[in-house]
Trainee: 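I'd like to ask some things about the structure below.
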Amino acid sequence: MGIGFREEGAYVGRALMLDLKFIRENTEAVRKGVTDRGLEVPLDRLLELDARRRKILTDLEEKRARHKRGNKEIGELMRRGEDAWALREEMGALSDEIKALEAEEGEIGAEIRDILIRIPNLPHETVPVGPDETFNQEVRRWGEPREFAFKPLSHWELGEGLDILDFQRGVKIAESRFTLLKGKGALMERALINFMLDLHTREHGYTEVFPPILVNEESMFSTGQLPKLKDEMYACRDDELYLIPTAEVPVTNIHRGETLREEDLPIYYCAYTPCFRREAGSYGRDIRGLIRQHQFNKVELVKFVHPDGSYDELEKLTRDAEDVLQRLGLPYRVEVLSTGDLSFSAAKCYDLEVWLPSYGEYKEISSCSNFTDFQARRGDIRFKPAGGGKSTFVHTLNGSGVAIGRTVAAILENYQREDGSVEIPEALRPYMHGMEEITAG
RNA sequence: GGAGGGGUGGCAGAGCGGACGAUUGCGAUGGUCUUGAAAACCAUUGGCCGGCAACGGCUCGCGGGUUCGAAUCCCGCCCCCUCCGCCA
């Protein structure tokens, strides 16, 4: 099947991005949403093409109806042994006209799709308007950054001192931005995964899944990674598969092409997976430590919900992610992203930023987004109303709950002691054989 | 990797050039009967697009071709299953 990414950029999704009818009826709102994000989309061209296409469609459908009727009649004539040559000739000519119209419609349709797939989701009205991240707004803060009586070390200094992080060997085995975890470092990584999964499944109502980590193009398209972020992803040489940049992709695609029952909603999933990102174009940033790796672990939260409640669900989802940081005693703040910083598919997004002493600032550790029906359209995920009626697109949400590597970094830095050892947060101890600290040797 | 088989409505499973948007069974929904339920019987029952509606179009894995007409014939692609080989 395939949707032809490699052929000619003809992305033929089933349902199309933003609803054309919606764009037709709310053109100015769409225009504002697009420009608020700092993007440009030829909306006028789109509307013009749409008008032309619908005109052709009317004509086409009328001709097809005549064609169908005529062919039926030929069948009847022939069964009765009567002459049908004249009608056959007429239908032949009609058939040619139809083919010509179809070709024309196809061309216009392709151009429409090319424009449509470049239209991002529209920001929610509560999203601050601004061109970049400096317009993000702090929503709340939790915990106090610790005052150190000594000069705190960075997590890479601590990790190397404790012999639990080995950056050089990571590079040797793979390349830069890969790290080898050892001993209690590896254990802490694993402990955090289990701690987070247990918290979300046992206390927050999520169902644990473990999805494929290589996914096909269609999956990448429906969550919005393709076509825009193609350069960010690792692709297989001989198979049309990509390494996932986040569990959002396979988990949201669990229900791609499905029509759910209203009474099944909301559906909450959480998944631990490794994630892979090429980090193209971020060469100078965060070169040291665990912050920006090509491979990292993450526990992800994904929701499929009724459209009416999706913004409440976003608040709940964000709180679920925050709960992780609170239980680990890590100070953080929550920011609502401005229009210019919002990802392509999201309508609203909260970033959770954890305090990192080595940076002297808050650093993103989770991103919680409401995609409204944007991904559901691209992936054709609907639900059937309980009382009957037309099936409608669900709303999808997801958020990190939370990034594991950055959590390790935050724990090392925030829980360090003057001698270079690190206390283990109480909530994590049961997952680390009761261990209370990590010391050298 | 080699050899076969197959993709049809929620499921099972027919159809193999015209009356087929698709026989039939199951399921589902509504009704009759019943104190209630089951059973039995009757009726309805795929999805999508456009339209207030009447109605029209699309849809038998995907794309192309042949034909007045394709679920049915031809070509290409994708996926699934079985057996053998290999393998954590």
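Throughout, protein chains are lettered first and strands after them, A, B, ... in sequence-line order, and every chain is numbered starting at 1. Both backbone and side-chain heavy atoms feed into the values below; hydrogens, waters and symmetry mates do not. Everything numeric in this text was worked out from a predicted model, so none of it was measured.
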Trainee: If B:rC86 has a Watson-Crick or G-U wobble mate with both distances under 3.5 Å, name it; if not, just say none.
Mentor: none
Trainee: Applying a 4.0 Å non-hydrogen cut-off, can you work out what A:S391 is touching in the nucleic acid: base, sugar-phosphate, or nothing?
Mentor: sugar-phosphate
Trainee: Please check this pair: side chain of A:R277 against backbone of A:P245, looking for a donor-acceptor N/O pair closer than 3.5 Å.
Mentor: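 At least one qualifying donor-acceptor pair exists.
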Trainee: Atom CZ of A:R64 and atom P of B:rC49: how far apart are they, to the nearest Å?
Mentor: 16 Å
Trainee: Would you say B:rG50 has OP1 or OP2 under 4.0 Å from some side-chain N or O of A:K21?
Mentor: no
Trainee: Find the distance A:K99:NZ to B:rA70:C1' and express it as a whole number of Å.
Mentor: 12 Å
Trainee: Assign each of A:M78 and A:R69 to its nearest nucleotide of RNA chain B by heavy atoms, then name whichever residue's nucleotide is nearer the 5' end.
Mentor: A:M78
Trainee: Looking at B:rG47, which nucleotide sits across from it as a Watson-Crick or G-U wobble partner, both distances under 3.5 angstrom, or is there none?
Mentor: B:rC58
Trainee: Looking only at non-hydrogen atoms, find the nearest pair between A:L87 and A:G70 and report the distance.
Mentor: CD1-O, 3.9 Å
Trainee: Sort out the partner of B:rA22 for me: Watson-Crick or G-U wobble, both distances under 3.5 Å, none otherwise.
Mentor: none
Trainee: Would you say a side-chain N or O of A:S95 is under 4.0 Å from OP1 or OP2 of B:rG69?
Mentor: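 The answer is yes; a side-chain N or O of A:S95 sits under 4.0 Å from OP1 or OP2.
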Trainee: Can you measure from CD1 (A:I108) to CZ (A:R54) and round to the nearest 0.5 angstrom?
Mentor: 12.0 Å
Trainee: Check whether any side-chain nitrogen or oxygen of A:K68 sits under 4.0 Å from OP1 or OP2 of B:rG56, and answer yes or no.
Mentor: no
Trainee: Between B:rG50 atom C1' and A:D59 atom CG, what is the distance in whole Å?
Mentor: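 Going from A:D59 (CG) to B:rG50 (C1'), I get 15 Å.
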Trainee: Measuring from the side chain of A:R79 (C-beta onward, heavy atoms only), which nucleotide among B:rC68, B:rG18, B:rG57 has the closest atom?
Mentor: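 When the side chain of A:R79 is considered, B:rG18 is the closest of B:rC68, B:rG18, B:rG57.
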Trainee: Paired with B:rG17 by Watson-Crick or G-U wobble geometry, both distances under 3.5 Å: which nucleotide is it?
Mentor: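 In the structure as shown, B:rG17 has no Watson-Crick or wobble partner.
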Trainee: Testing A:Y206, A:F195, A:Y269 for ring pair (Phe, Tyr, Trp, His ring centres under 6.0 Å) with A:H200, which one passes?
Mentor: A:Y206
Trainee: Using atom CG of A:D380 as one end and atom P of B:rG61 as the other, report the distance to the nearest whole Å.
Mentor: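 It works out to 18 Å between those atoms.
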Trainee: When we call it a touch if two heavy atoms are under 4.0 Å apart, what does A:R54 touch: a base, just sugar-phosphate, or nothing?
Mentor: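 No contact.
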Trainee: Would you say A:K72 places a side-chain N or O within less than 4.0 Å of OP1 or OP2 belonging to B:rG21?
Mentor: yes
Trainee: Using a strict cut-off of less than 4.0 Å between a Lys/Arg side-chain nitrogen and an Asp/Glu carboxylate oxygen, indicate whether A:R45 and A:E111 qualify as a salt bridge.
Mentor: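 Salt bridge: yes.
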Trainee: In Watson-Crick or G-U wobble terms, both distances under 3.5 Å, what is the partner of B:rC41?
Mentor: B:rG31
